[in-house]
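Have a look at the structure below, then the notes.
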Amino acid sequence: MQFGQLLEARAGGLYSPAADAWIDSRRPVERALITHAHGDHLGYSHKQAWCSASCAPLAAKRLGAKVQLHGIPYGEAFRMGEAWISFHPAGHILGSAQIRIEVDGQVAVVSGDYKRGRDGVSQPFEVVPCDVFVSETTFGLPCYVWPDPRKEGERLRAWWRSNQEQGACSVLLAYALGKAQRVLPLLEGVEGPILMHASADPFVQLYRDQGVQLPPTERATAERIKQGVAGAMVIAPPSVQNTPWLRKLRPCRLAMASGWMQVRGVRRRMGYDDGFILSDHVDWPELLQTVKDSGCSELWCTHGFAGPVARYFREQGLKAQVLAADETRLEME
Ligand SMILES: [Zn+2]
Ligand SMILES: [Zn+2]
């Protein structure tokens, strides 16, 4: 799959021949362009990498000093080989970007992960007109339509209060970077400590460093847990489920914040007491709207339901294809 010198889908991932750079490559490469700091979009041994200026501190935290990292302000175009490259807000997590590649007046945009709804934490998504659009299709089926996150926030606060009344600790499972910070403003208005698992806590500070307003939090250290956590809200990654660490928080109620909570039966099957439908990805209507807004003549689909989405758009008369199988994976969010 190729779009001129702009973009090529190779076995190893997305590559721009004009810029001689790989996009969100997980293999080590000479020059990488990074949409955002989630692990499935980062390579840990690149020689040099470029990302948005807001993404850079988050990516640096994950990559260490090994990778030479260049943070570029949103909207600022720079030359790379034969191409002009710029980063534009994707609304997914703090610093997440769509990568715009321009060569001779033709434009490719790689969305990375993105959402259209505002979460009060990430820079809001920006429409970037293009010829070829590479879109994630994590939730690319008509059954995925997100409820108003403010309503989910109300449910979340009510859940916390009711657990407090029963003297229980509330444990909300949320991915350490992005979701764990995004849920914090939704907790405002309830009296009680908010404790962050050690994997999510450093990112809270990195968000605050960029001026994001978040309610006060504490780190959920062993000593802090020993002081008692009845009535507290603990934010922890899903990997803590069925661990001794989680047992120390008993009595507790367990809930998950994810788009997958919209799927019937998932919550029960996974053993959560409750679920909150809070996604950092586009739902079906947002996906349709975004493809339309982009004005693209060609659509490349990746992640999740790439096949059905590509088929849908082909029926609408668009040239739509699925990225190589190794690029089509289920998003953990
Ligand atoms: Zn992501
Ligand atoms: Zn992803």
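Just so you know, residue 1 is the first one in the sequence shown, and it goes up from there. In listed order, ligands and their atoms are each counted from 1.
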* Please name the atom of His38, restricted to N, O or S, that is closest to the Zn ion (ligand 1). =>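 Nearest N/O/S atom: ND1.
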
* **the Zn ion (ligand 1) - name of the N/O/S atom of Asp113 that sits closest to it** =>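 This residue's closest N, O or S atom turns out to be OD2.
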
For the Zn ion (ligand 1), decide whether [X] has an N, O or S atom at a distance under 2.8 Å.
X     : value
His41 : no
Asp40 : no
His92 : yes

* Between Gln106 (side chain) and Asp131 (backbone), is there a donor-acceptor pair under 3.5 Å? ->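 Judged by distance alone, no pair lies under 3.5 Å.
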
* Can any side-chain N or O of Arg267 pair as donor or acceptor with the backbone N or O of Asp273 at less than 3.5 Å? ->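 It does hold such a pair.
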
Ring centres under 6.0 angstrom apart ([X], [Y]):
X      : Y      : value
His303 : His41  : yes
Trp22  : His46  : no
Trp159 : Phe276 : yes

